Amino acid sequence: TGTTPRYFRPPYGRVTDDVLAAVPMPVILWNLDPLDWQDHDADLVAARMKEAAAGAILLAHDIYSTTVKAIPAVLDSLTARGIYFVTVTELLAPTVPLPGHVYGHRAAK
């Protein structure tokens with residue numbers, strides 16, 4: 001893409017000492033997993049994501065058409081609740097994310 005990644009999300013959220021030693025960047029996990037990889041149902045995925053709290057990091061897989069289909073309803077619902085969307089850098093500010101540290105946590109809805 002011509003840009004260097006600044007953050008890393010390990011596959012399956014699996015963080016080990018080996019991963020932390022090998023990846024020279026902050027590790028970002030999620031606070032809400034709508035289980036879109038398991039349930040390929042746009043309405044169900046949207047319902048789960050709509051329950052996100054302010055400050056949450058949502059996991060979403062754009063490889064599933066049902067997840068992509070769910071996103072407009074999720075954005076509308078969260079925006080209506082006064083939740084707005086920011087980058088990870090903005091979300092974690094004023095903390096400066098450090099390499100070898102984990103931010104967020106894995107949580108399934």
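The structure displayed is predicted, hence computed values, not measured ones.
- For the atom pair CG (Leu58) and CG (Asn31), the distance works out to 8.0 Å, reported to the nearest 0.5 Å.
- When side chains are defined from C-beta on, Pro34 counts as touching Met49, because their heavy atoms get closer than 4.5 Å.
- Across all non-hydrogen atoms, the minimal contact from Ala42 to Ala70 is O-CB, 3.4 Å.
- Ile57 has its side chain within reach of Leu91: a pair of non-hydrogen atoms, C-beta onward, lies under 4.5 Å apart.
- When side chains are defined from C-beta on, Val27 counts as touching Pro10, because their heavy atoms get closer than 4.5 Å.
- The CD1 atom of Ile28 sits 11.5 Å away from the CZ atom of Arg9 when rounded to the nearest 0.5 Å.
- At least one side-chain heavy atom of Val88 sits under 4.5 Å from a side-chain heavy atom of Leu92.
- Both Leu59 and Val86 belong to a single network of hydrophobic side chains, linked directly or stepwise wherever heavy atoms of I, L, V, M, F, W or Y lie under 4.5 Å apart.
- Under 3.5 Å, the side chains of Thr87 and Thr89 contain no donor-acceptor pair of N or O atoms.
- Atom-to-atom distance recorded for Phe85:CZ and Glu90:CD is 13.0 Å, nearest 0.5 angstrom.
- The minimum heavy-atom distance between Ile83 and Ala54, with the atom names listed, is CD1-N, 3.9 Å.
- In this structure the side chain of Val102 reaches within 4.5 angstrom of the side chain of Leu29, judged on heavy atoms.
- In this structure, Tyr64 and Trp37 approach most closely via the heavy-atom pair CE1-CA, 3.5 Å.
- The CG atom of Leu75 sits 6.0 Å away from atom CD1 of Ile71, with the distance rounded to the nearest 0.5 Å.
- A side-chain hydrogen bond (donor to acceptor under 3.5 Å, both in side chains) with His61 holds for exactly one of Asp36, Asp33, Thr67; it is Asp36.
- By the 6.0 Å contact criterion, CZ on Arg81 is enclosed, its count of non-hydrogen atoms from other residues, nucleotides or ligands being greater than 12.
- In this structure, Val68 is not a member of the same hydrophobic cluster as Leu32, with clusters built from ILVMFWY side-chain heavy atoms closer than 4.5 Å.
- Thr95 and Tyr103 form no side-chain donor-acceptor contact under 3.5 Å, judged by distance and modelled atom types alone.
- One finds a salt bridge joining Asp39 and Arg48 here, because a Lys/Arg side-chain nitrogen approaches an Asp/Glu carboxylate oxygen to under 4.0 Å.
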